[in-house]
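Report on one structure; see the data block that follows.
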There are 2 protein chains.
Amino acid sequence: MRRPAKSPPAGRRSAKPHPARAPAAKPYHHGDLRRVLIDAAMQLVGEGGPEAVSVREAARRAGVSPGAPFRHFPSRDALMNAVAEEAQRRFRAEIEAALADAPAGDPLGRFRCLGIAYLRWAMKNPTHFEIISSRRFFDHDRSAGVSSDNAELIGLTERILAEAFSAGQLGACNLKQVQIAGRALVYGFARMHIDGHMPRWGVGEAEVEQTAADVVDLFIAGIAGRAAPSAKV
Amino acid sequence: MRRPAKSPPAGRRSAKPHPARAPAAKPYHHGDLRRVLIDAAMQLVGEGGPEAVSVREAARRAGVSPGAPFRHFPSRDALMNAVAEEAQRRFRAEIEAALADAPAGDPLGRFRCLGIAYLRWAMKNPTHFEIISSRRFFDHDRSAGVSSDNAELIGLTERILAEAFSAGQLGACNLKQVQIAGRALVYGFARMHIDGHMPRWGVGEAEVEQTAADVVDLFIAGIAGRAAPSAKV
DNA sequence: TGTGAATGTAAGCACCGATTACAACGATTG
DNA sequence: CAATCGTTGTAATCGGTGCTTACATTCACA
């Protein structure tokens, strides 16, 4: 891409097409190039953000010619989509693991747990989170598998909120609004962290996790503590 | 950048160096190329997002050779920074105009007004908002003018919240947490809109402005309606 | 009237994404 | 066992990009 630098002609293999019939040297066919390319791209994302991913560099790291990746991905965007799907898969696994540990009897507690887990993962894997959330690198509607992943997560929070409401843990409120506001809150917080806004708001790296929890708690207190339906300002 | 396409060899001027001494034809010196380049870049941002900005295309639109912009901006990033400063200036003007119309006696109302204005501008100028908020295109710490712009806006909301607290419009709460949560909420909502998440959450383009207002109101109700200092969950 | 700083052009580098023609495998068949 | 054919790699190439350097032109000021 735009001057990723970092490529001194680091010893590429001498590119002999293939050593006749030495089976262990360097087989002409890579084995699982697709997988390796995705891994390389993820590594690149981790190093320099989504912009730093180039097909050529991924191919270089896979020890393969610049044109080879296009046998597996029709375009750079397709590669990015594959990376995003992988990231989304990991994200979902983390969320589900966190929810599995949460008490089933306390819906609002589960809601809180969801928010905390979301923020923790996003802040620990900032570039992966960025890839997932940006439509530029990942067309959710196009890739059915992940799209349903996402829809499932949305449905999950919807269900949890509905349970909380039924259990009387929520004041009078519009559940859809609560859901969107909650999502906007954690999404915004995560992106503020990623985009480097936190220092400007007086939140150091050390306090950011505590602040994340505080913010989630503040929101939950806001929707839970509604004494009367005098909510409308 | 990466295949912005859109450039059929549309009639470039025949590039005669300069017509001897015809003063009105095409002066060798552009006049205010810096300004024109920023405008062209802003236009490009509006058309295809920050990724779609290329120095060459900006130069093309300014009717100037590909190397000329580098007399005014040492790098593409510098150009993007200039674009971001311009966008930030417009953003700030909008916010201040909105606040000027808000009643002075109702701090919480002013806070609400601030949030609404923020969201309205962000959703009307999505790409400009994206540039402002992403550190990739704009290093806030580097450009003093805009940095202070931003610091002033942060200080402003801080003051408004403090006033609201003094006026008894807020329940017992940590003001800093409220400020960060509020920011995360509007930032997240704006970015969700930009990143195309809204359809997934069942919010159509027609309802998005109303939803934005609802979400702001929900948040304000949450921090205002605190009956007792039982805030901590 | 000169002269130097400012600002443009032209040419070229390295890198990128993407396409094409060709070569080497490897599995499926006859 | 061997021919074949689809898969997956290479090599070369194209146009686009950011950026640099050498050179040309103009403007403003001494």
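Quick note on labels: first sequence line is chain A, next is B, and so on, each numbered from 1.
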Measure from [atom1] on [X] to [atom2] on [N] and round the result to the nearest Å.
X: L44(A); N: dG17(C); atom1: CG; atom2: P; value: 10 Å
X: E57(A); N: dA18(C); atom1: CD; atom2: C1'; value: 18 Å
X: D32(B); N: dA6(C); atom1: CG; atom2: C1'; value: 14 Å
X: E51(A); N: dG17(C); atom1: CD; atom2: P; value: 12 Å
X: F73(A); N: dT19(C); atom1: CZ; atom2: P; value: 15 Å
X: R76(B); N: dC19(D); atom1: CZ; atom2: P; value: 8 Å
X: D77(A); N: dC16(C); atom1: CG; atom2: P; value: 16 Å
X: R61(A); N: dC16(C); atom1: CZ; atom2: P; value: 11 Å

Side chain of S54(A) - closest among dG9(D), dG18(D), dC16(C): dC16(C)
Closest listed nucleotide, where the reference is the side chain of F70(B) and the choices are dT10(D), dG18(D), dC16(C): dG18(D)
Quick one: is [X] getting a side-chain N or O under 4.0 Å of the [N] phosphate, OP1 or OP2?
X: S65(A); N: dG9(D); result: no
X: R71(A); N: dA18(C); result: no
X: H72(B); N: dA6(C); result: no

Donor-acceptor pair under 3.5 Å, R56(B) side chain vs dG16(D) base: no
5'-most by nearest nucleotide on DNA chain C - P74(A) or L33(B): L33(B)
Side chain H197(B), main chain S133(A), donor-acceptor under 3.5 Å: yes
Most 5' of V55(B) and P66(A) on DNA chain D, judged by nearest nucleotide: P66(A)
Ion pair R191(B)/D195(A), N-O distance below 4.0 Å: yes
Contacts of E94(A) that satisfy side chain to side chain donor-acceptor pair (under 3.5 Å) - sequence neighbours left out: none
Donor-acceptor side-chain pairing of H193(A) and E209(A) below 3.5 angstrom: no
Sequence neighbours excluded, every pair satisfying ring-ring contact (aromatic ring centres under 6.0 Å, His included) that has a member inside residues 57-92 of chain B: F91(B)-Y118(B), F91(B)-W121(B)
